[in-house]
Amino acid sequence: FEGINLTGKLVKIGIPAGVNSALMSIATILLNNVLAKYGDNPVAAMGIVTKACMLIVFIHMGIANGIQPLLGYCYGAHLKDRFKGILKFSAILTLIIGVVLTALYVGMSENIIQLFINDKDVIKYGTDMLIATSLAGPILGILFLAINSMQGMECAIPATLLSICRQGMIFIPLLYILDYVFGLKGIYYTQTISDYISIIISLFLLKHSFRVFSK
């Protein structure tokens with residue numbers, strides 16, 4: 001029974017990461033399908049922007065994944081203050097890195113797109129898309145820290161809910177709504193708006209998880 005219990009805990013911890021990866025692929029497919037009606041150039045530009053923005057995402061995810069074992073240890077040892085200290089330091093670190101990278105992306109958006117392609121029309125689309133998509137960069141790390149913190153506290157359901165929010169429950173409906181209301185410009189900001197809504201939800205869920213930790 002101990003082995004089964006341990007396996008169950010491992011599965012619960014791994015589910016959010018698996019769901020997030022799967023939804024990223026689904027969201028990309030749907031995004032390309034919606035963009036396709038505007039022509040090949042927006043699709044090509046968004047592909048480049050997605051690759052460029054993954055640098056910000058992967059850095060934030062790397063920091064969050066790196067501290068997760070330590071957070072799990074602190075939770076198991078009931079070291080609440082140390083848990084919060086690690087989380088606070090990591091949040092400040094992701095904020096600083098996010099601000100620097102976002103400023104770089106916004107200030108040098110056209111140059112960054114030109115690193116991937118030399119097509120004038122694609123560069124024009126890509127420049128606007130990169131600015132719009134990277135605006136959540138400074139605080140995006142909070143979302144991944146919240147997910148991994150709740151995984152460390154064995155709060156699998158809220159962690160999975162957050163993973164579903166960013167690329168699924170919020171992003172997908174928002175994609176079609178913004179496309180219908182604002183057209184192509186609305187699609188540009190779908191990921192950023194989805195990120196901000198998910199971050200707000202993550203703060204509420206994290207606060208609730210800390211209450212459980214205290215008890």
Side-chain angles (χ1 to χ4, degrees), residues 4-31 34 50 53-54 56-76 80 83-84 86-88 90-91 93-95 98 133-179 187 189-215:
I4 295 174
N5 187 37
L6 180 60
T7 302
K9 289 183 178 181
L10 291 174
V11 171
K12 284 196 299 183
I13 291 173
I15 284 175
V19 169
N20 186 55
S21 298
L23 285 175
M24 285 177 69
S25 299
I26 295 172
T28 300
I29 293 171
L30 295 177
L31 177 60
V34 173
T50 301
C53 286
M54 288 309 290
I56 299 177
V57 173
F58 284 154
I59 289 176
H60 287 321
M61 290 180 66
I63 294 172
N65 290 337
I67 66 169
Q68 186 178 343
L70 189 54
L71 293 178
Y73 167 78
C74 292
Y75 175 76
K80 182 180 177 182
F83 187 105
K84 286 187 173 182
I86 295 168
L87 189 58
K88 181 179 179 180
S90 302
L93 180 60
T94 59
L95 177 63
T133 306
S134 62
L135 290 178
I139 61 172
L140 184 58
I142 294 173
L143 175 63
F144 297 113
L145 289 173
I147 292 173
N148 285 55
S149 296
M150 286 184 283
Q151 286 177 301
M153 291 185 282
E154 297 183 350
C155 299
I157 293 177
T160 304
L161 177 62
L162 278 182
S163 296
I164 294 173
C165 280
R166 181 176 184 259
Q167 294 286 358
M169 193 167 61
I170 295 175
F171 179 88
I172 294 174
L174 199 60
L175 173 65
Y176 291 98
I177 292 171
L178 293 180
D179 174 43
I187 298 174
Y189 291 91
T190 302
Q191 186 64 71
T192 295
I193 296 173
S194 176
D195 287 341
Y196 273 100
I197 295 174
S198 299
I199 290 166
I200 292 171
I201 295 172
S202 74
L203 294 176
F204 284 103
L205 292 177
L206 187 60
K207 184 178 181 180
H208 173 73
S209 298
F210 272 129
R211 288 176 183 171
V212 176
F213 192 174
S214 299
K215 294 178 183 179

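Along the sequence shown, residues are numbered consecutively beginning with 1. Just the heavy atoms: all of them, side chains too, but no hydrogens, waters or symmetry mates, feed the values below.
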- Task: Look only at the side chain of H60 and the backbone of I139, and say whether a donor-acceptor pair between them is shorter than 3.5 Å.
- Result: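 No: the side chain of H60 does not pair with the backbone of I139.
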- Message: Between D179 and L175 (side chain of the first, backbone of the second, donor and acceptor by atom type, cut-off under 3.5 Å), is there such a pair?
- Response: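 Flag not set: sc D179 to bb L175 has no pair under 3.5 Å.
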Closest approach of [X] and [Y], non-hydrogen atoms and distance?
| X | Y | result |
| --- | --- | --- |
| P158 | L205 | O-CD1, 3.8 Å |
| I56 | S134 | CD1-CB, 4.5 Å |
| L135 | Y196 | O-OH, 3.1 Å |

Could you measure the distance from the [atom1] atom of [X] to the [atom2] atom of [Y]? Nearest 0.5 Å is fine.
| X | Y | atom1 | atom2 | answer |
| --- | --- | --- | --- | --- |
| L206 | H208 | CG | NE2 | 11.0 Å |
| M150 | L162 | CE | CG | 4.0 Å |
| T190 | D195 | OG1 | CG | 10.5 Å |
| S194 | M169 | OG | CE | 9.5 Å |
| C165 | I199 | SG | CD1 | 11.5 Å |
| I197 | T192 | CD1 | OG1 | 11.0 Å |

- Message: Would R166 and F171 count as a side-chain contact (heavy atoms from CB on, under 4.5 Å) here? Give the steps.
- Response: CA-CA 6 Å; R166 181 176 184 259; F171 179 88; over 6 Å; no
- Let me see the working for R211 and K207 under side-chain contact (heavy atoms from CB on, under 4.5 Å), right down to the final yes or no. CA-CA 7 Å; R211 288 176 183 171; K207 184 178 181 180; 3.5 Å; yes
Can you check whether [X] reaches [Y] side chain to side chain, under 4.5 Å on heavy atoms?
| X | Y | answer |
| --- | --- | --- |
| F144 | T94 | no |
| L203 | I142 | yes |
| I147 | S202 | no |

- When you look at I67 and N148, which way does the side-chain contact (heavy atoms from CB on, under 4.5 Å) test go after all the steps? CA-CA 8 Å; I67 66 169; N148 285 55; 5.7 Å; no
- Name the one of I63, L145, I59 that satisfies side-chain contact (heavy atoms from CB on, under 4.5 Å) with L93?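 In the set I63, L145, I59, the residue that makes a side-chain contact (heavy atoms from CB on, under 4.5 Å) with L93 is I63.
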- Task: Taking atom NZ of K80 as the centre, report whether more than 12 heavy atoms of other residues, nucleotides or ligands fall under 6.0 Å from it.
- Result: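 Yes, because the 6.0 Å sphere around NZ of K80 holds more than 12 heavy atoms from other groups.
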- Task: Decide yes or no on side-chain contact (heavy atoms from CB on, under 4.5 Å) for F210 and K84, but give the supporting numbers first.
- Result: CA-CA 9 Å; F210 272 129; K84 286 187 173 182; 4.0 Å; yes
